[in-house]
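Before any comments, here is the structure.
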Amino acid sequence: MREEYDVVVVGAGPGGSVAARTAAEECDVLLIEKRQEIGSPVRCAEAVSIGSAATYLAPDKKWISSEIKGMQLIAPDGTTLELREQPLQAPDVVLERKIFDRALAKNAARAGAHVMVRTRATGLIMEDGAVKGVKMNRLGDDFEVRSKVVIGADGVESQVGRWGGMNTTLKLRDIESCVQYHVENVHIAQDMFQFYTGSQYAPRGYAWIFPKGGQAANIGLGVLGSSLNAKRPIDYLNEFVADKFPEGQPVELVMGGVPVSDALKTIVSDGLMLVGDAAHHTLPLVGGGIMTAMDGGAIAGRVARKAVHENDASVRVLSAYETEWMSTFGKLLKRMYKAKEFIASRSDEDLNRIAHAFQGIQPDEMSPKGITMRLLKKDPKLLLMLRHLL
Ligand code: FAD
């Protein structure tokens, strides 16, 4: 067992595997994963844009469960907005993440990264306030691995950031508590996403139906932490499934939190970078984080290489990651956070009104100008309400 690497990456989700692969193109990398099987169990509804995902993995039918053409958004009163075409860069496939995540980790290994499963980070080696490696446990044995750079890609329950002195606490209003069944015996169009909004099914969140091929679907929902009450998310889901798919047979249950917060202010410190869910890099309006984790992982991997070459992993060098992340995705995240805050504070009546105004909208109208023109015609008062989002 080696005692030193250039870079240690904690967590082999999409963010960690892409970071490890990118760094391994020029450096010695160790990628550790606490689970014994990368990609399993899945904690995801698995929707992604194939065009964007292809940047990191050549498309393969093995990791694509279904191809999506459009979507339906159903308001609390049943008003349905239907898009027959997905907007550019919107999710258009449902993955088989068990295979997808594993393929990303295999690519990291092929690029030269050393991958260790059943290996849990238990702490960081700290010297004079700087991160100098990772304390680990593998099958009961404790040991330490020193490194110039550590990348924390340990997901929504990240501890690496906290160990490194960063404040990664999420407010209840900034986390969606999600629960999902993989349901068999579901008879739906296999090329449409469906989203249900409103307090009956998912207070301050939404319920989703994502086709998984054959007669199966990922059916789940997220409830904003601050709206949780005696009724648990699983109670909402059981009612939703019983209501919509009385014949459906749940064969798998997934539970997990999704950060729907503004971007963390600090994602680097001396010797340490956070990527993906660990850095709260999910899109707050929709809760998607696969692509942002991979994009962040690629930037962090490149910056780690530079730090190793310059033999300087101080914040001065690593902050290039934070700067590039903010200039590429920061504005989008902020815009989506505002939109999430707006939607989360709407009543069912407001959601119905928005649905009425947008009924019949098509992708080519979905620009600030197109939306403004539509609202001017259909509901000018709603335009006033929505103006700061456009
Ligand atoms: P993760 O995929 O969470 O990977 C983190 C890894 O770190 C895990 O493998 C974990 O085992 C490992 N780890 C944790 N701690 C340690 C440790 N101490 N030592 C070693 N390893 C450790 N996103 C989408 O884009 N589309 C969707 O449809 C979608 N649906 C979702 C539905 C649900 C119910 C949930 C919960 C999330 C959903 N997401 C979705 C979000 C998406 O799953 C995450 O944003 C994405 O997985 C983030 O990738 P990551 O690499 O940052 O973290």
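When a ligand or atom number is given, it counts from 1 through the structure's own listing order. These values consider heavy atoms only, across backbone and side chains, with no hydrogens, waters or symmetry-generated copies.
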Residues 13-23, side-chain donor-acceptor partners within the protein, below 3.5 Å, at least two apart:
unit_1, atom_1, unit_2, atom_2, d
S17, OG, G13, O, 3.4
R21, NH1, Y56, O, 3.0
T22, OG1, V18, O, 2.7

Could you tell me whether the side chain of E322 and the main chain of I267 form a donor-acceptor pair under 3.5 Å? yes

Closer than 4.0 Å to some heavy atom of I290 - which atoms of ligand 1 meet that? 23 (N), 24 (C), 25 (O), 26 (N), 45 (O)

Look only at the side chain of Q190 and the backbone of A216, and say whether a donor-acceptor pair between them is shorter than 3.5 Å. yes

Can a non-hydrogen atom of G220 be found less than 4.0 Å from any atom of ligand 1? no

Do side-chain atoms of D270 reach the backbone of V315 as a donor and acceptor pair under 3.5 angstrom? yes

Check each atom of ligand 1 against the heavy atoms of V10 and keep those under 4.0 Å away; list them by number with element. 17 (C), 19 (N), 20 (C)

Contact atoms of ligand 1, heavy-atom distance to G13 under 4.0 Å: 2 (O), 4 (O), 6 (C), 51 (O)

Atom 40 (C) of ligand 1: the protein heavy-atom neighbour that sits closest, reported with distance to 0.1 Å: C44 SG, 3.5 Å

Considering the heavy atoms of C178, write down every atom of ligand 1 situated less than 4.0 Å from one of them. 34 (C)

Ligand 1 contacted by V48 (non-hydrogen, < 4.0 Å): no

Residue, atom and distance of the protein heavy atom nearest atom 20 (C) of ligand 1 read K34 N, 3.3 Å

Honestly, for Q159 the part within reach of ligand 1 (heavy atoms, under 4.0 Å) is neither

Would you say P14 has any N or O atom under 3.5 Å from an N or O of ligand 1, going by distance alone? yes

Protein contact of atom 53 (O) of ligand 1 - nearest heavy atom, named by residue and atom, plus distance: G155 CA, 3.7 Å

Closer than 4.0 angstrom: is that true for some heavy atom of T292 and an atom of ligand 1? no

State whether the shortest distance between N or O atoms of R97 and N or O atoms of ligand 1 falls below 3.5 angstrom. yes

Report yes or no: do H281 and D295 form a side-chain donor-acceptor pair below 3.5 Å? no

Got P211 and F193 here, is their nearest side-chain heavy-atom distance under 4.5 Å? yes

With heavy-atom distances below 4.5 Å as the criterion, would you say the side chains of K212 and E96 are in contact? yes

For ligand 1, note which part of S158 has a heavy atom under 4.0 Å away: side chain, backbone, both or neither. neither

Below 4.0 angstrom, N of the basic side chain to O of the carboxylate: do R305 and D6 qualify? no

Which ligand 1 atoms does V258 reach within 4.0 Å, using its non-hydrogen atoms? 35 (C), 36 (C), 37 (C)

Can K231 and E239 be counted as an ion pair, charged N to O under 4.0 angstrom? yes

Where is the nearest protein heavy atom to atom 45 (O) of ligand 1: which residue, which atom, and how far? D277 OD1, 2.7 Å

Whether over 12 other heavy atoms sit under 6.0 Å from E85 CD: no

Short N/O distance, under 3.5 Å, between R35 and ligand 1? yes

A47: numbered ligand 1 atoms lying under 4.0 Å from its heavy atoms: 24 (C), 25 (O), 26 (N), 27 (C), 28 (O)

Pick whichever of M291, M294, R43 has a heavy atom sitting closest to atom 35 (C) of ligand 1. R43

Test side-chain hydrogen bond (donor to acceptor under 3.5 Å, both in side chains) applied to Q72 - qualifying residues, sequence neighbours left out: E82

Who's the nearest protein heavy-atom neighbour of atom 51 (O) of ligand 1, and how far? G15 N, 2.9 Å

To which protein heavy atom is atom 32 (C) of ligand 1 closest, and what is the distance rounded to 0.1 Å? A45 N, 3.1 Å

Ligand 1 to G288, heavy atom cutoff 4.0 Å, flagged ligand atoms 23 (N), 24 (C), 25 (O)

For the residue pair W208 and Y206, does the interplanar ring angle fall in the parallel (under 30°), tilted (30 to 60°) or perpendicular (over 60°) class? perpendicular

So V117 and E37, do their side chains get closer than 4.5 Å, heavy atoms only? no

Closest protein heavy atom (residue, atom, distance) for atom 9 (O) of ligand 1: E33 OE1, 2.6 Å

For F210, the ligand 1 atoms whose distance to one of its heavy atoms is below 4.0 Å: 28 (O)

Does A121 approach ligand 1 within less than 4.0 angstrom via side chain, backbone, both or neither, non-hydrogen atoms only? both

N185 side chain vs E247 backbone, donor-acceptor pair below 3.5 Å: yes

To the nearest 0.1 Å, how far is atom 7 (O) of ligand 1 from its closest protein heavy atom, and which atom is that? G11 CA, 3.2 Å

Note: K340-E176 ion pair, threshold 4.0 Å (strictly below): no

